[in-house]
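Structure, as structure tokens:
In what follows, every chain begins at residue 1, and chains take the letters A, B, ... in the order their sequences are listed.
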Protein chains: 2
Amino acid sequence: MTNKKKTTIKDIANVLNISAAAVSKALHNDSRISDKTKKAVKQVAENLNYQPNHLASALRSGKSKLVGVIVPKTNSNFFSSAIHNIEEVLNEKGYNVIITQSNESYEKECKNIDTLLYTQVDGIIASMANETVDLEYFEKIKSAGIPLITFDRGENDLNVDYIGIDDYNSSHLIVNHLVDQGCKRIAHIGGFKRTRIYNNRIKGYVDAIKKHNLSLDEELIIESNLTIEDGRKKMLQLLALKNRPDAVYVAGDYAALGALQILNEQNIAIPNEIALVGFGNEPFTSMVTPTITSVNQHAYNIGRIAAEAFLNYADKNNFSQSLNKIILKAELLVRESSFKKEK
Amino acid sequence: MTNKKKTTIKDIANVLNISAAAVSKALHNDSRISDKTKKAVKQVAENLNYQPNHLASALRSGKSKLVGVIVPKTNSNFFSSAIHNIEEVLNEKGYNVIITQSNESYEKECKNIDTLLYTQVDGIIASMANETVDLEYFEKIKSAGIPLITFDRGENDLNVDYIGIDDYNSSHLIVNHLVDQGCKRIAHIGGFKRTRIYNNRIKGYVDAIKKHNLSLDEELIIESNLTIEDGRKKMLQLLALKNRPDAVYVAGDYAALGALQILNEQNIAIPNEIALVGFGNEPFTSMVTPTITSVNQHAYNIGRIAAEAFLNYADKNNFSQSLNKIILKAELLVRESSFKKEK
DNA sequence: TATATTTGCTTAAACGTTTAAACAAATATA
DNA sequence: TATATTTGTTTAAACGTTTAAGCAAATATA
């Protein structure tokens, strides 16, 4: 099958012997077009299998009705669910969503930004890569004059909307729970300090430890990239201490899983010998043995709110953005890895 | 920050007192433009922070340099990895990729197709939703005159390129392995028969069972939607049989996980009492206890090949598509759930 | 020196829409 | 009946590019 020429409004106009402008207006239900003409136009459009050319209308109107989304990876429950909800809200309003993934690489993230700007998206909703420290490229979005909304991983210095959970308080929830279970020496395998959310989790951990008058031991706080492999490595590091912890709070579920594997391999009783808590509520946390206590980040709400934040700016041709944080409460889901039946 | 007008080639032309056409050519390194002018144009473009308007060039050239991807869900290792490789190949060639997910819903899939056609993509690479039986919407893609490439989940009747693994032989690999482990009564929790890949897995299972002269028992073949929940349900169904199986081959890893949960809950020894094999090599198969034997579908290669299949058609303005299957060999990854130390 | 070719640019049309402005015909208002 | 308003349409310009065609100046060829 060779590709036939696509039907345009001109073709419809020719069939009916009216102007292209009349066709355009008829298709948009302009009040100044007679019902008779509208009906005829729509009928012919259908017959000729007319598909509006988005490029032309976007060019003319200056609005592409496209919103770009940048996430570190789609292969995570949190992000794929956030994307789903962003789509749901935006499709409703006639926007289409372009998803791109950075794979945690700053370089790829820059490319994605270029791609999206080039595609003339009307706005960008982004969660930053672990690697990202330089904000220059994100500033580029702002100076392109389109709204930028950040979620989960954002930076105050960008001075744009941010939607995330309360990382600081989540750490409190976790430490409180572990203390409640009788743990006295709680370690923290955290993310990179330079990433705000992980830094907040660390701060929350430190303050909660202090609040409970537990010993704040530097060797119990470890920075990690939070992959499975690194979780294994950092768990081994903790086990090598003269004075082992009796609980480990890991700032990401994948790393928590790595830690769990090591504990299982070394036949260390979970949670009685060492209790374990992850973060993110990835589906596998309730699939592994033992199931892993984790924190639910409410991807559902975050996605919706991020989309709504964008809609707030859309269609306004004179807007100014500023640091506008929306912080949601997170929920601790206690599972086997930290719940001691007999304390 | 209010949104300033964007720089166009006209702005550049004005600065240098040359025509817009000259600017366009200079930016594209046309041989008929002097090096001096090219240099000057590029310098001014940089100074004014010029970003080409993709909509305009796409409209003019009739090529959007955008490729649409439709997958059932991004939240699966197979698809997210396939997407990643599709992107890698296509970005290299100057294409950008728009990802959409159907969430296994036919309705959403149709919407996605409309969206992509509306966005004027130059081609579509798709894997069909479980629900999809009606091919009308996919025919719409063909009649839009752009190439359609299917992977993993496709249909012969579409008469387009298809890239997938050898499902029929994969079933043979699995049954051979289970027989090798001494299993005599092998059940199959399969996907929907109407979906080609699952049908092929069922056929492969049936033929392999016959080949080994095992009893082909209708009650051992169960159709499922392959979610965790359904995997649990169908496993319970198998356990309720008077004559229980000693092995279960599940056509998807999520359902296999559900089955595993039931076996663990009922303290049934895996693999000695019942051996278990999944399909898809989702990361969690090597995370759970016991680890689950599964089939690696080589998402890496499938993504690359699908992208290359598209590139085959791209830029050709007269092409015809036909059923063109590329079938890759799959790899059986034997793990704890089916490997008996003492047989 | 006369002619052909190459170089470096300009002009203008085109891609498919949308929309402001114009205008004739029909209808309402006084 | 004369004028104002409404209705239903057309015309033409615009969005920012690309590109075929044209043309003058510079250079090569005979």
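Nearer the 5' end of DNA chain C, as judged by each residue's closest nucleotide, is the contact made by Ser31(B), out of Ser31(B) and Gln51(A). Where Ala56(B) and Ala22(B) each meet DNA chain D at their nearest nucleotide, the meeting point lying more 5' is that of Ala56(B).
As judged by a 4.0 angstrom heavy-atom cut-off over every strand, Ser61(B) is placed among residues making no nucleic acid contact. Note on Ser34(A): only backbone sugar-phosphate atoms sit closer than 4.0 angstrom, heavy atoms only; bases stay farther off. Counting non-hydrogen atoms under 4.0 angstrom, Ser24(A) reaches a base of the nucleic acid. Counting non-hydrogen atoms under 4.0 angstrom, His54(B) reaches nothing in the nucleic acid. At the heavy-atom level, Leu55(A) lies nowhere under 4.0 Å from the strands shown.
Rounded to an integer number of Å, the gap from CG of Leu59(B) to P of dT17(D) is 12 Å.
Contact annotation: side chain of Lys25(A) to base of dT10(D), donor-acceptor pair present below 3.5 Å.
Checked against dT9(D), dG8(C), dT10(D), the side chain of Arg32(A) finds its nearest nucleotide in dT9(D). The side chain of Ile9(B) sits closest to dT18(D) out of dT11(C), dT18(D), dC15(D). Here the nucleotide nearest the side chain of Thr37(B), chosen from dT17(C), dC9(C), dT9(D), is dC9(C).
Both tests pass for Arg196(A) against the ring of Tyr162(A): distance under 6.0 Å to the centre and angle within 45° of the axis.
Between His84(A) and the choices Thr74(B), Asn75(B), Asn103(B), the side-chain hydrogen bond (donor to acceptor under 3.5 Å, both in side chains) rule is met once, by Asn103(B).
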